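Written below as structure tokens is the structure these notes are about.
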Protein chains: 2
Amino acid sequence: MAVVQQEISHPTRDELELSAVLHALSDPVRLKIVAALASEAEQSCASFDVPVTKSTCTHHFKVLREAGVIRQRQEGTSRLNTLRRDDLEARFPGLLDSVLRAA
Amino acid sequence: MAVVQQEISHPTRDELELSAVLHALSDPVRLKIVAALASEAEQSCASFDVPVTKSTCTHHFKVLREAGVIRQRQEGTSRLNTLRRDDLEARFPGLLDSVLRAA
DNA sequence: GACGTTGTACGATGATTGCCGTACCTTATC
DNA sequence: GATAAGGTACGGCAATCATCGTACAACGTC
């Protein structure tokens, strides 16, 4: 049956909000995810070593995506994640780097 | 009557935690306070133009202080606030500047 | 001493958060 | 078609959060 692929919505570069980004980065689990994404380009959700269940993981990825920190795209059954380095750098220069350096 | 001046406790530089700092900075009211502190050295709590009541303000200053973002010292009846620029820069180089630039 | 100012302490409340389990969808493989 | 793997959706729960009002403490000033 033909099910329309549901859009994965992301904020545009202009829509990024500093407080939302800072809040997204203020959780240790999410920070760990972001750090892992920073060192290895594109990774599926299952490839992260975090001490939470699948459903909690989905929640954290949603927070990161809606804050504009990561981009997700569907690839078969898995969802591939990338850091939105360029967009973050354009809106908040130096922020991501300083957070990653401190993490 | 001799009441001992209660200590205002601050985390040491080594005790600063990235997630706590990011969380403290992720609230719009607190971000506004920090931005105001960045542009004018030492200010009393009452000098900030934020849309919340006194008691909420006390709460925000407490969050900022306990995260190590600001330092408070008593001066008569008022409490003077300063940004802990040096400590933040030492532990999380570039972080505060990038946040302030983006705010 | 009586006020006024500055700020804290202590609830209370409603919203958000982080976490989980269960059920389910989609794709791939046997 | 049955099963397995990767994820999401939904509902629930306990903890935290941002906000407020009221009461109160410390210090100046009239």
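Just so we're on the same page: letters track the sequence lines, and every chain starts at 1. This structure is a prediction, so every number in the text was calculated from the model and none was measured.
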Test side-chain hydrogen bond (donor to acceptor under 3.5 Å, both in side chains) applied to A:R71 and A:H10, step by step: CA-CA 7 Å; A:R71 173 163 281 121; A:H10 296 80; 4.8 Å; no
Any B:L96 side-chain heavy atom under 4.5 Å of B:L83 side chain: yes
Under 4.0 angstrom between A:H60 side-chain N/O and C:dC19 OP1 or OP2: yes
N or O in side chain of A:T56 less than 4.0 angstrom from C:dC20 OP1/OP2: yes
Nucleotide nearest A:H23 when distance is taken to its side chain, options D:dG7, C:dT17, C:dG7: C:dT17
Rounded distance in Å - CD (A:Q72) to P (D:dG6): 16 Å
Rounded distance (Å) that lies between atom P of D:dA18 and atom NZ of B:K32: 17 Å
Selected nucleotide, minimal atom distance to B:R30 side chain, candidates C:dT27, D:dG21, D:dA18: D:dA18
Closest nucleotide among D:dG6, D:dT22, D:dT19 to the B:V29 side chain: D:dT19
D:dC20 phosphate, OP1 or OP2, under 4.0 Å from B:T53 side-chain N/O: yes
Closest-nucleotide 5' rank along DNA chain C - winner of A:K54 and A:S26: A:S26
Interatomic distance where NZ belongs to A:K62 and P belongs to C:dC19 [whole Å]: 16 Å
A:S55, nearest nucleotide to its side chain (from D:dC20, C:dC20, D:dG6): C:dC20
Nucleotide C:dA28, atom C1' - distance to CD of A:E75 in whole Å: 13 Å
Length of the CZ-P vector between A:F61 and C:dC19, whole Å: 13 Å
Salt-bridge present (B:R73, B:E42; N to O < 4.0 Å): yes
Main-chain N/O of A:Q43 paired with A:S47 side-chain donor or acceptor, under 3.5 Å: no
Minimum-distance nucleotide (side-chain atoms of B:C45 versus C:dG21, D:dG7, C:dG7): C:dG7
Nearest-Å distance for atom pair CD1/P, residues B:I33 and C:dG7: 12 Å
Under 3.5 Å donor-acceptor, B:R85 side chain and B:D97 backbone: no
Among D:dG6, D:dT8, D:dT19, the nucleotide that comes nearest once only the side chain of B:V52 is considered: D:dT19
Selection from C:dC19, C:dT8, D:dG7 that lies nearest to any side-chain heavy atom of B:R79: C:dT8
B:N81 CG to C:dT6 P, straight-line distance once rounded to whole Å: 14 Å
Among C:dG7, C:dT8, D:dT8, the nucleotide that comes nearest once only the side chain of A:T58 is considered: D:dT8
Separation of atom NE2 in A:H59 from atom P in D:dG12, rounded to whole Å: 18 Å
